[in-house]
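Everything on this sheet refers to the single structure shown next.
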Amino acid sequence: MAIPLPTAWLNGEFLPVQEARISPLDRGFLFGDAVYEVIPVYDGQPFRLDEHLARLENSLKAIRLSDAMGRQRWRDTLLELVERNGGGDQNVYLQVSRGTDKGREHGFPAEPIAPTCFAMSSPLPRPPAHLRSEGARAHLVEDLRWRRCDIKATTLLPNILAKQAAHEAGADEALLHRDGELIEGSSMTLFLVKDGVIHTPPQSSAILPGITRQVVLELAHELGISVQETALPLEQLEQADELWFSSSSREIMPVTRVDEQTIGEGRPGPVWARVQAALEASTRQGKKQAVS
Ligand code: PLP
């Protein structure tokens, strides 16, 4: 029996993802003139959906694209998409581009055009077991991105090249550095633990305002663990007890090596274990609340 194709949603219509069609004149295709979100779903419940939709609104505003959908329509659409794809644990991707223009003009379209709105979902990958038991490897890469990394834009070439460089160096993720400071991963937020205190770069246009970052800060507060939002000079790697990356689809990933440098004792640390356990409890809470 043929396996049904996952359902996607394009401009108001649900359809099998392979049947979704977008014009080559779409500005998302031509220019990367688009923003996106990635939202994890646990037991059929999108985790921190409101925060993701608020970040989408900020990204749209930053690129001066009006929000054609609005939060409620996005919420209804994504919930239906998750249901049509069988509930459970999923990774929802959504993208909004400036739409399909008549030609290839850099400036905004002369006449108003409808944005292209797209969403799809795939199974949520579980963080690989060996990364939890042994920790991940990171590879230092210079951060060559633009100066508005707070916008979740689809123009990801520097991130892609950094990730590929990491893979070619035998590492799991790129650790981006700029002007002598550690910034974030190619698609993950950075945390460093020293003497029981969690350090993470402050929110600025140099990093993405990670939703998981916010969750980690809240959980640390609940667990009574101190947090310092502060710049991280490269030299701090030598003194770090623990290093982590976080993202919506990969939760909190301990890093035990950066190139030839061993981090702390070379195994995932106790502060990571506490915060990751609290995150796991939190991601399943929606379901518990829904059934209780
Ligand atoms: N930093 C970058 C550059 C990212 O691309 C991502 C996620 O894609 C993150 C951080 C983590 O953000 P979030 O926790 O919202 O997934």
Side-chain angles (χ1 to χ4, degrees), residues 32 34-42 46-60 62 74 78 89-96 119-122 124-127 136 138-166 172-178 181-192 198-220 227 229 232 243-255 272 275-276 278-280 282-283:
V35 295
Y36 75 108
E37 277 296 321
V38 178
I39 307 163
V41 173
Y42 296 94
F47 182 61
R48 300 285 178 137
L49 181 56
D50 261 354
E51 285 90 332
H52 282 279
L53 294 178
R55 185 171 65 183
L56 175 69
E57 287 164 10
N58 289 339
S59 297
L60 288 168
W74 270 121
L78 299 180
D89 292 358
Q90 299 180 27
N91 212 15
V92 167
Y93 175 90
L94 73 84
Q95 177 173 322
V96 182
M120 63 179 174
S121 87
S122 52
L124 183 66
R126 290 305 304 152
H139 174 55
L140 277 169
V141 180
E142 189 184 354
D143 189 355
L144 297 176
R145 299 173 302 166
W146 70 332
R147 284 182 285 173
R148 288 306 306 274
C149 296
D150 53 320
I151 302 173
K152 202 162 167 62
T154 61
T155 33
L156 289 172
L157 259 183
N159 310 59
I160 289 167
L161 294 175
K163 182 66 160 249
Q164 185 57 26
D172 304 286
E173 173 62 298
L175 173 45
L176 304 179
H177 65 94
R178 181 185 286 200
E181 287 175 11
L182 301 165
I183 306 292
E184 62 181 341
S186 72
S187 60
M188 304 183 87
T189 303
L190 178 67
F191 298 91
L192 183 151
I198 300 172
H199 299 76
T200 194
Q203 194 53 66
S204 73
S205 55
I207 64 167
L208 185 82
I211 305 299
T212 323
R213 176 186 187 277
Q214 190 51 41
V215 177
V216 166
L217 300 191
E218 287 170 25
L219 294 173
V227 175
E229 296 183 59
L232 296 175
L243 197 71
W244 327 326
F245 283 127
S246 79
S247 82
S248 293
S249 46
R250 282 175 294 168
E251 302 179 358
I252 314 173
M253 188 168 93
V255 178
W272 166 77
V275 181
Q276 170 61 26
L279 176 65
E280 278 171 45
S282 171
T283 56

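Counting starts at 1 for both ligands and their atoms, in listed order. Counting begins at 1 with the first residue of the sequence.
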*Side chains of Ile151 and Trp146: closer than 4.5 Å at any heavy-atom pair?*
yes
*Give a yes or no on whether the backbone of Arg55 and the side-chain of Ser59 come within a donor-acceptor separation of less than 3.5 Å.*
yes
*asked:* If the cut-off is 4.0 Å to any non-hydrogen atom of Ser247, which atoms of ligand 1 fall inside it?
replied: 11 (C), 14 (O), 16 (O)
_For Gln203 and Glu229: C-alpha separation, side-chain torsions, deciding distance, then whether side-chain hydrogen bond (donor to acceptor under 3.5 Å, both in side chains) applies._
CA-CA 8 Å; Gln203 194 53 66; Glu229 296 183 59; over 6 Å; no
_Check for me whether Ser186 has a heavy atom closer than 4.0 Å to any atom of ligand 1._
yes
_Quick check: Glu184 and ligand 1, any N/O pair under 3.5 Å apart?_
yes
*For atom 11 (C) of ligand 1, what's the nearest protein heavy atom and its distance?*
Ser246 O, 3.7 Å
*Can you tell me which residue and heavy atom of the protein come closest to atom 12 (O) of ligand 1, and the distance to 0.1 Å?*
Gly210 CA, 3.5 Å
*Would you say Arg145 and ligand 1 have an N/O pair spaced under 3.5 Å apart?*
no
*asked:* Please work out, at 4.0 Å between heavy atoms, whether the side chain, the backbone, both, or neither of Arg55 comes within that distance of ligand 1.
replied: side chain
*Heavy-atom pair of closest approach, residues His139 and Ala165*: CD2-O, 3.6 Å
*Would you find more than 12 non-hydrogen atoms of other residues, nucleotides or ligands less than 6.0 Å from Arg147 atom CZ?*
no
_Protein heavy-atom partner closest to atom 8 (O) of ligand 1 - residue, atom, separation in Å_ = Lys152 NZ, 2.9 Å
*Identify which one of Val275, Val216, Leu232 satisfies the side-chain contact (heavy atoms from CB on, under 4.5 Å) criterion when paired with Phe191.*
Val216
*Quick one: does Ser248 get an N or O within less than 3.5 Å of an N or O on ligand 1?*
yes
*asked:* If you define the side chain from C-beta out and look only at heavy atoms, does anything of Ser205 sit under 4.5 Å from Arg148?
replied: yes
*Closest heavy-atom contact between Ser187 and Glu173?*
N-OE2, 3.3 Å
*Identify the closest protein heavy atom to atom 6 (C) of ligand 1: which residue and atom is it, and at what distance?*
Ser187 O, 3.2 Å
*Got the closest protein heavy atom to atom 14 (O) of ligand 1, with its distance?*
Thr212 OG1, 2.6 Å
*asked:* Any atom of ligand 1 sitting under 4.0 Å from a heavy atom of Val38?
replied: no
*Answer with side chain, backbone, both or neither: which part of Thr189 has a heavy atom less than 4.0 angstrom from an atom of ligand 1?*
both
*Within the distance-only criterion (no hydrogens, no angle test), does the side chain of Thr200 pair as donor or acceptor with the backbone N or O of Leu190 below 3.5 angstrom?*
yes
*Can you find an N/O atom of Pro209 closer than 3.5 Å to an N/O atom of ligand 1?*
no
_Using heavy atoms and a 4.0 Å limit, tell me yes or no: is Glu37 in contact with ligand 1?_
no
_I need the single residue from Met253, Met188, Arg213, Glu184 that forms a side-chain contact (heavy atoms from CB on, under 4.5 Å) with Ser247. Which is it?_
Met188
